[in-house]
Amino acid sequence: MAGIRRRDVMTGAVALAGAAAIGLNPATAAAAGRQQRPGAAAKPDLAIGDYPVVARVRSQRALEHLKVLSDEIGPRIAGTAGELKARDHIASTLRKLRYQVTVQPFPVADKFLGQIRVGGDTWQTGSSPQGARNATFEGEIVDVGSGAPDSFPADVTGKIVFYAGVTNDANAYSLAAQRGAAAVLVGRLSATADRKLSAFSPTLPTAVQIPVLGLAQVQAEKLRDRLKSGTVRLALSSDHYTNLTSYNVIAERPATVPSDDQGVVMVTAHYDSVPGSPGANDDGSGTVLCLELARVLRYLPTRKAVRFALWGSEEYGLIGSRYYVNNLSDAEASRIEGCFQNDMVATSHDPATVYWLLSVDGADNAVTQAVGAAAERLGYDPRVQGPVARGSSDHVPFFERGIASGNFSWRGESGPAALEPTYHTPEDTIADNVSLERLQVSLELIGAAAYDLLRRE
């Protein structure tokens, strides 16, 4: 009993010291502890260590970083200029917060991207590796529908042929080239209302000597709307990016409370996005959650080191996180007591009302338990479900290395595969797909859970 009481006293002392260290008024902390949280089902019953986190995290502060990533930088494709600009913003922010920042490079594959300028709009698209590379063209668009040979124009010399719904039809591309097309645009259309399709790099069965760009569904729909009003001209480019390097950004602050504990608690997200998408929710939201928690946790006393990791190249197969985990020594890996991966933590999509705890095997572990317990203390537990089994994010390499890990995300009630229609599309913007309330809930849950692990003996 004496040992238990001593741990409770020590934990309380650490938390109170943290509140004092950041200048948190006890009255302010007490008010935060009594106030029902936005979107919560019940009033909170906070542990003493929750106060310095819950009273200080602000989704509005995180939003300022998201404006840089999503509105100013836009698409952040692995190894390209957009991702590198995001890397620099993240690293600079963490250095200003006095973390020990390491930028970890790793090679990534070539990228095939396109760009369209029509009217006052500029759209990023995919580009076919089997089409003309590093080519530019400006011209008039001809909409050929599905490209059926019996309705295809006899002569499209010097025109840009626009298909909708055709992706890998060898005859369609060959026919366009044979009849003089200077370039081809391919727009994918979804047959269901609950999913819109992203930009893509068409895989052609045979090479053609003209650019072939793959448009997102919303881009194809906007182009068809323009064509209804008359002739449309546009400028396009087909770009091949080679010798690319992507980067992880790792920031650490050592433990501050004297202890024999050599443990590390990680809070992570990926900062890249898919072609054509500004990636506000996926995963700009997780990235700015990390930056805001780094601000709040920087001066709080902990028995363990806190480490933030922002991954490059997640969208191409968890490349950054795998590189990081694969390069850990056994001793380094054994120090990591938990990895909180945050992926898509702020969608405003109405049906995405559940905050899912996702582990690779569906089993509880240190991080999913910590978030579940935080949800109960904060009054959010009716909105939280899991853990359930799901991979597909950067918690997977940690699980494979035997490290407790989970992915945390807002999804639909029917299950974690129920994603918003704007997932991976140009409409994944702050205006169309970010809820500050849900971002605030995510900040409080992960912040309280991570700080709980950081304080434990």
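Predicted model, so just to flag it, every value in this text is computed and none were measured.
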Practice problem: Kindly say whether V274 contributes a backbone atom to a donor-acceptor pair with the side chain of R76 at under 3.5 angstrom? | Solution: no

Quiz item: Under 3.5 Å, side chain of D428 to main-chain N/O of H424, donor-acceptor pair present?
Solution: no

Is [X] salt-bridged to [Y], going by a charged N under 4.0 Å from an acidic O?
X: R322; Y: E400; result: yes
X: E64; Y: K67; result: yes
X: E437; Y: R383; result: yes
X: R307; Y: E252; result: yes
X: R335; Y: E332; result: no
X: R179; Y: D155; result: no

Exercise. Apply the test salt bridge (charged side-chain N to carboxylate O under 4.0 Å, His left out) to residues D121 and R226: give CA-CA distance (whole Å), side-chain angles for both, the deciding distance (0.1 Å), then the verdict.
Key: CA-CA 12 Å; D121 296 329; R226 287 176 180 267; 2.8 Å; yes

Quiz prompt | Pairs involving residues 267-276, ordered by first then second residue, that meet side chain to side chain donor-acceptor pair (under 3.5 Å) (sequence neighbours left out) | solution = T268-Q341, H270-D272, H270-D282, H270-E314, H270-D343

Quiz item: Hey, would you say the F308 and Y99 ring centroids sit under 6.0 Å apart?
Solution: yes

Quiz item: Ring centroid separation for Y324 and W311, is it under 6.0 angstrom?
Solution: yes

Practice problem: Please test D110 against Y241 for side chain to side chain contact (heavy atoms under 4.5 Å, CB included), starting from the C-alpha separation and ending with a verdict. | Solution: CA-CA 5 Å; D110 293 1; Y241 297 89; over 6 Å; no

Quiz item: Between S435 and S348, is a side-chain hydrogen bond (donor to acceptor under 3.5 Å, both in side chains) present by the stated rule, with each step listed?
Solution: CA-CA 5 Å; S435 161; S348 60; over 6 Å; no

Exercise. Give the C-alpha distance, both sets of side-chain angles, the deciding distance and a yes or no for side-chain hydrogen bond (donor to acceptor under 3.5 Å, both in side chains) between E413 and T353.
Key: CA-CA 6 Å; E413 290 184 356; T353 56; 3.1 Å; yes

Do the side chains of [Y] and [X] get nearer than 4.5 Å, heavy atoms only?
X: T302; Y: L297; value: no
X: S313; Y: Y323; value: no
X: L445; Y: L378; value: yes
X: Y423; Y: K196; value: no
X: Y355; Y: F408; value: yes
X: F399; Y: P397; value: no

[atom1]/[X] to [atom2]/[Y] distance, rounded to the nearest 0.5 angstrom?
X: F106; Y: N248; atom1: CZ; atom2: CG; value: 4.5 Å
X: C339; Y: H395; atom1: SG; atom2: NE2; value: 9.5 Å
X: N342; Y: T287; atom1: CG; atom2: OG1; value: 9.5 Å

Practice problem: Go through K228 and D225 one step at a time and tell me if the salt bridge (charged side-chain N to carboxylate O under 4.0 Å, His left out) criterion holds. | Solution: CA-CA 5 Å; K228 290 176 183 177; D225 286 342; 3.7 Å; yes

Quiz item: Do other residues, nucleotides or ligands put more than 12 heavy atoms under 6.0 Å from the CZ atom of R61?
Solution: no

Self-check item: More than 12 heavy atoms from other groups under 6.0 Å of CG on N243
Solution: no

Quiz item: Taking the six-membered ring of Y316, is the NZ or CZ of K111 close enough (under 6.0 Å from the centre) and on axis enough (within 45°)?
Solution: yes

Quiz item: Do R411 and W356 meet the cation-pi criteria used here (NZ or CZ under 6.0 Å from the six-membered ring centre, within 45° of the axis)?
Solution: no

Quiz item: Do you see a donor-acceptor pair shorter than 3.5 Å between the side chains of N433 and E427?
Solution: no

Self-check item: Side-chain donor-acceptor pair present, S246, E83, cut-off under 3.5 Å
Solution: yes

Quiz item: How far apart are the C-alpha atoms of R401 and D330, what are their side-chain angles, what is the distance that settles it, and do they pass the salt bridge (charged side-chain N to carboxylate O under 4.0 Å, His left out) test?
Solution: CA-CA 9 Å; R401 195 73 187 268; D330 289 342; 2.9 Å; yes

Exercise. Determine, step by step, whether R37 and E444 satisfy the salt bridge (charged side-chain N to carboxylate O under 4.0 Å, His left out) criterion, reporting the C-alpha distance in whole Å, the side-chain angles of both residues, the deciding distance to 0.1 Å, and the verdict.
Key: CA-CA 9 Å; R37 314 308 301 153; E444 293 182 10; 2.6 Å; yes

